[in-house]
Peer 1: 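Below you'll find the structure I mean.
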Amino acid sequence: MESVNTLHEVQKEDIFEREISFINDREKGGYAMTLLEQCQKWFKEGEVDKIEEVVMSLSEEERTPELLSELGRVWIYRSADSMIEEECCNRAIEILKPLEQNLSDNHNYQYRMGMAYEGLQQYQPAKAHFEKALELLPDDEDTIAMIELCDRMMGGISLEPWERFSIMRGVYPKGKEDFSKENLRERLDSLDDVKCVAFEYSEEENSVAFKVVYQDNEYDFDMFMDGFDSDIIFELQRKYFTKEDEREISSSDTALVLYTEVQKNPLETIHLQIKLLYALVPDMLAIYAESQECMLNKREIAMVAQSKAGLRPMDLYRVQAVEGPNGDVWLHTHGLMPLGITELEILGADKDSVDSMFSLINSVASQMIEDCYKDDGEKAVSFFVGNCSNGEPIEGCYNEDDEKPVIFFVGNCSDGDPIVTTVVPWMSGIKEYEEDGVQGLEEDRQNSHNTYTSLIFLYRNEEDFHNEILTKPASFAEKIGENPLFMFGTKTTEIMAAMARERVSYPQRALQLQQKSQDEDIRVIAKIAVDVMTDEGEEAVEHVWFTIDRITEKEISGILLQELFGNGGIVPGDRGTYPLSQLTDWSISFKGVSIDSRVAYLLDILQNEEL
């Protein structure tokens with residue numbers, strides 16, 4: 001330690017000697033300005049270590065804000081080494097932040113604060129400091145470039161309407177278009193459980209803004225008539241439509257557009273939106289949900305509009321899969337952004353693991369929808385990652401009040417180990433894939449998937465979580481195995497169970513068809529809540545699949561298909577009978593089509609014709 005102090009003293013004396021001619025006539029504090037000039041000269045010459053050694057050798061009284069700003073600049077310079085970038089930028093902020101009161105009107109200070117936050121990928125505060133720097137030095141090209149960089153990294157482009165609002169188009173039958181305000185108001189008033197409390201028709205805009213009360217909550221909607229082109233849209237979900245459906249929809253060229261900004265419980269909001277469209281467009285042929293990029297069959301619309309169970313979280317978005325030239329699969333959601341939640345993606349999946357990756361992304365998305373809202377419908381959790389250039393918040397999965405990422409426990413691997421995930425804003429997460437050459441890299445995002453989207457990663461163990469070591473889903477696929485147990489939140493499970501029981505007549509009918517035709521290709525499986533005892537001796541419930549052969553008004557029976565993690569007194573191959581109240585989901589295999597409770601109407605179609 002003594003030799004270090006001696007070195008500091010020698011260098012300090014050397015500086016004083018070289019700069020003595022500048023300080024003779026200066027006022028008190030003048031030598032510090034001269035020292036500042038020397039530090040700036042050293043920085044230009046790349047001798048940044050000298051700056052730190054000299055500034056740190058000064059007493060606290062001698063370390064002026066300007067000199068400390070130069071020291072912060074040193075740490076920003078060192079952050080160019082990616083191995084220590086985070087450490088260096090944090091050190092720079094630690095030095096610079098206390099100087100704000102003295103240097104708030106200093107361009108260099110504001111620019112350096114921006115650079116430190118940019119290095120930490122905290123683009124919102126970085127941009128704020130760069131904007132202040134630009135006010136102090138207008139037209140500075142470096143500052144302008146950094147503001148533009150922050151905009152790009154935050155997805156700072158103007159959000160498209162379908163990214164900000166839940167937009168649905170109710171397709172009119174040809175020749176039955178009707179947008180008269182009297183009829184629209186009458187149809188709204190015909191709904192027993194919805195009360196229209198405000199209705200404003202604009203002749204100039206040919207649009208309507210209205211407010212309704214539903215389940216004791218107020219909701220604002222806007223609507224107008226617009227053209228409809230089914231040519232491209234149909235490719236999104238053709239399998240859910242009959243040839244006659246396609247013919248009718250293709251002949252239509254008009255739709256009623258109903259949109260809303262989702263500010264309360266999204267499950268209730270989107271369910272209400274479908275109920276309203278069902279009432280507003282008599283004999284509606286289909287709904288095109290723009291935000292989800294999907295078409296809803298008229299039979300599904302009727303089923304949802306009349307349902308007491310409502311919608312499941314996975315009904316509010318769609319997962320699309322894009323296969324790359326190397327055979328890798330890019331899974332991504334559509335429809336989460338209008339809910340105020342980041343879209344989700346998995347990169348680099350393969351065909352063998354795509355089913356488990358699909359379940360993984362669904363489980364994370366469903367939990368995010370549940371976690372973001374309280375029981376009263378208000379936003380509960382803020383997953384904040386920055387702001388778009390228009391000021392709209394981008395909410396991903398970094399809680400404002402927590403330095404650690406938000407994690408989601410989504411289930412168990414085949415060996416029983418937990419599946420723990422997190423999500424990372426795509427501009428940060430995509431760096432993990434730069435050498436992989438998979439679908440979904442930056443060059444694939446020029447026109448879409450470049451604003452409000454995040455990548456899913458996993459933690460292999462608690463140590464990885466604390467050390468922030470991320471694992472790509474594709475690298476975890478083998479660990480997940482062939483028989484994982486994916487879990488959903490309590491709210492999701494309750495809705496799924498209510499929907500399954502509300503539509504239990506469909507698997508009952510499928511069993512009747514199976515018994516009548518002796519067709520082995522007709523199969524019914526159901527998920528049943530089974531009481532188990534954990535290894536720790538605690539009571540728990542597992543939702544597991546059975547092959548079903550009997551459903552009565554009160555009971556459901558079948559053969560267990562999968563292993564229980566706890567002890568439920570039953571193993572695969574055993575037969576079990578349970579109260580119908582324990583039914584939580586079901587699926588029918590009929591004519592090669594998989595039918596679940598959401599698309600139960602497909603059984604009606606397939607009994608009479610092919611899709």
Side-chain angles (χ1 to χ4, degrees), residues 237 239-241 266-268 270-271 274-275 278 287 289 292 294-319 335 355 358-359 362-363 365-366 369-370 486-514 522-530 541-558 561-562 578-607 611:
Q237 217 165 4
K239 65 179 182 179
Y240 289 161
F241 297 88
L267 293 167
E268 191 172 281
I270 306 304
H271 187 204
I274 293 173
K275 287 171 69 76
Y278 183 65
I287 287 177
Q292 301 175 26
C294 74
M295 289 274 282
L296 304 183
N297 186 290
K298 63 184 178 183
R299 300 164 188 83
E300 179 180 1
I301 297 164
M303 188 179 293
V304 170
Q306 299 167 28
S307 173
K308 299 296 184 183
L311 294 172
R312 310 167 300 175
M314 59 279 287
D315 297 326
L316 307 190
Y317 62 90
R318 293 294 183 271
V319 179
D355 287 344
F358 183 85
S359 297
N362 267 324
S363 188
S366 295
I369 291 173
E370 282 200 35
F486 285 100
M487 299 180 180
F488 295 96
T490 302
K491 182 68 173 177
T492 301
T493 302
E494 289 173 353
I495 295 169
M496 291 172 65
M499 187 181 293
R501 293 192 289 268
E502 183 178 76
R503 301 168 190 175
V504 72
S505 62
Y506 286 90
Q508 285 177 320
R509 194 198 322 164
L511 287 176
Q512 292 169 0
L513 291 170
Q514 179 194 61
I522 301 176
R523 185 180 183 223
V524 177
I525 61 173
K527 187 179 286 186
I528 297 174
V530 177
V541 175
E542 291 185 28
H543 300 266
V544 289
W545 289 100
F546 288 73
T547 297
I548 302 302
D549 54 26
R550 187 175 72 93
I551 303 176
T552 68
E553 291 184 0
K554 296 182 178 180
E555 293 182 334
I556 183 167
S557 303
L561 289 174
Q562 63 186 107
Y578 300 89
L580 198 60
S581 60
Q582 291 179 224
L583 172 66
T584 59
D585 199 4
W586 53 258
S587 178
I588 301 168
S589 179
F590 188 78
K591 294 187 177 181
V593 177
S594 180
I595 304 169
D596 62 23
S597 58
R598 184 181 69 84
V599 291
Y601 65 88
L602 292 180
L603 185 62
D604 298 326
I605 298 175
L606 291 169
Q607 277 190 258
L611 292 174

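Note that this is a predicted model, so its numbers are computed, not measured. Just so it is clear, the values below take in all heavy atoms, side chains as well, and ignore hydrogens, waters and symmetry mates.
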Peer 1: Quick one: closest heavy-atom pair of A529 and V541, and the distance?
Peer 2: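 So the two residues come closest at CB-CG1, 3.7 Å.
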
Peer 1: May I ask you to decide whether D596 forms a salt bridge with K527, counting only side-chain N to carboxylate O separations under 4.0 Å?
Peer 2: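 A salt bridge is absent here (no side-chain N lies under 4.0 Å from a carboxylate O).
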
Peer 1: Could you measure the distance from the CD atom of Q607 to the CZ atom of F590? Nearest 0.5 Å is fine.
Peer 2: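 With rounding to 0.5 Å, CD (Q607) is 5.5 Å from CZ (F590).
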
Peer 1: Calculate, to the nearest 0.5 Å, the distance between atoms CD1 and OH belonging to I528 and Y578 respectively.
Peer 2: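 Reported to 0.5 Å precision, the distance equals 6.5 Å.
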
Peer 1: Is there a donor-acceptor pair under 3.5 Å between the side chain of Q562 and the backbone N or O of W545?
Peer 2: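 Here the side-chain-to-backbone pair exists.
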
Peer 1: So does V530 get a backbone contact from the side chain of E542, meaning a donor-acceptor N/O pair under 3.5 Å?
Peer 2: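 The answer is no, because no donor-acceptor pair under 3.5 Å joins these two groups.
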
Peer 1: Can you name the closest pair of heavy atoms from Q514 and I522 and give their distance?
Peer 2: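 For Q514 and I522, the tightest heavy-atom pair comes out as NE2-O, 2.6 Å.
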
Peer 1: Answer yes or no: does atom NZ of K275 have more than 12 heavy-atom neighbours from other residues, nucleotides or ligands under 6.0 Å?
Peer 2: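 Yes - once you tally the heavy atoms of other residues, nucleotides and ligands closer than 6.0 Å, there are more than 12.
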
Peer 1: Using every non-hydrogen atom in the two residues, find where S597 and D585 come nearest and quote the distance to one decimal.
Peer 2: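 Taking every non-hydrogen atom into account, OG-OD1, 4.1 Å.
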
Peer 1: May I ask you to test the I605-N297 pair for a side-chain heavy-atom distance under 4.5 Å?
Peer 2: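 Yes - at least one pair of side-chain heavy atoms lies under 4.5 Å apart.
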
Peer 1: Of all heavy-atom pairs between E502 and A309, which one has the smallest distance, and what is that distance?
Peer 2: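 Residues E502 and A309, closest heavy atoms: OE2-N, 3.3 Å.
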
Peer 1: Look up atom CG in L311 and atom CE in M499, then write down how far apart they are to the nearest 0.5 Å.
Peer 2: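 CE of M499 is found 6.0 Å from CG of L311.
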
Peer 1: Quick one: do R503 and S307 satisfy side-chain contact (heavy atoms from CB on, under 4.5 Å)? Show the steps, please.
Peer 2: CA-CA 9 Å; R503 301 168 190 175; S307 173; 3.7 Å; yes

Peer 1: Does CD belonging to Q306 count more than 12 external heavy atoms closer than 6.0 Å?
Peer 2: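 More than 12 heavy atoms, drawn from other residues, nucleotides or ligands, come within 6.0 Å of this atom.
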
Peer 1: Taking N362 for the side chain and A365 for the main chain, is one N or O donor matched with an acceptor at less than 3.5 Å?
Peer 2: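 A pair under 3.5 Å: no.
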
Peer 1: Which pair of non-hydrogen atoms, one from T552 and one from L580, has the smallest distance, and what is that distance?
Peer 2: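 For T552 versus L580, the nearest heavy atoms are O-CD2, 3.9 Å.
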
Peer 1: At what distance, to the nearest 0.5 angstrom, does CE of M496 lie from CZ of R598?
Peer 2: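 Spacing of CE (M496) from CZ (R598) equals 11.5 Å.
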
Peer 1: With a 4.5 Å limit on heavy-atom distance, are the side chains of H543 and T493 in contact?
Peer 2: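 Yes. Closest side-chain heavy atoms under 4.5 Å.
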
Peer 1: For the CD1 atom of I548 and the CD1 atom of I588, what is their distance to the nearest 0.5 Å?
Peer 2: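 Those atoms lie 11.5 Å apart.
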
Peer 1: Taking R501 for its side chain and S581 for its backbone only, find out whether a donor-acceptor pair lies under 3.5 Å.
Peer 2: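 Here the side-chain-to-backbone pair exists.
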
Peer 1: Does the pair S589 and R523 meet the rule for a side-chain hydrogen bond (donor to acceptor under 3.5 Å, both in side chains), with working shown?
Peer 2: CA-CA 5 Å; S589 179; R523 185 180 183 223; over 6 Å; no

Peer 1: In the structure I gave you, are the side-chain heavy atoms of L296 and V304 within less than 4.5 Å of one another anywhere?
Peer 2: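 Result no, sub-4.5 Å side-chain heavy-atom pair not found.
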
Peer 1: Please tell me if the side chains of D315 and H271 come closer than 4.5 Å, counting only heavy atoms from C-beta onward.
Peer 2: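 With C-beta onward as the side chain, the pair stays apart.
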
Peer 1: Using every non-hydrogen atom in the two residues, find where S587 and S594 come nearest and quote the distance to one decimal.
Peer 2: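 Looking at all heavy atoms of both residues, the shortest contact is OG-OG, 3.4 Å.
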
Peer 1: Out of curiosity, I556 CD1 to L583 CG, how far, rounded to the nearest 0.5 Å?
Peer 2: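 Result: 4.5 Å between the selected atoms.
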
Peer 1: Check the orientation of Y506 and W586. Use parallel for under 30°, tilted for 30 to 60°, and perpendicular for over 60°.
Peer 2: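 Y506 vs W586 ring planes: parallel.
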
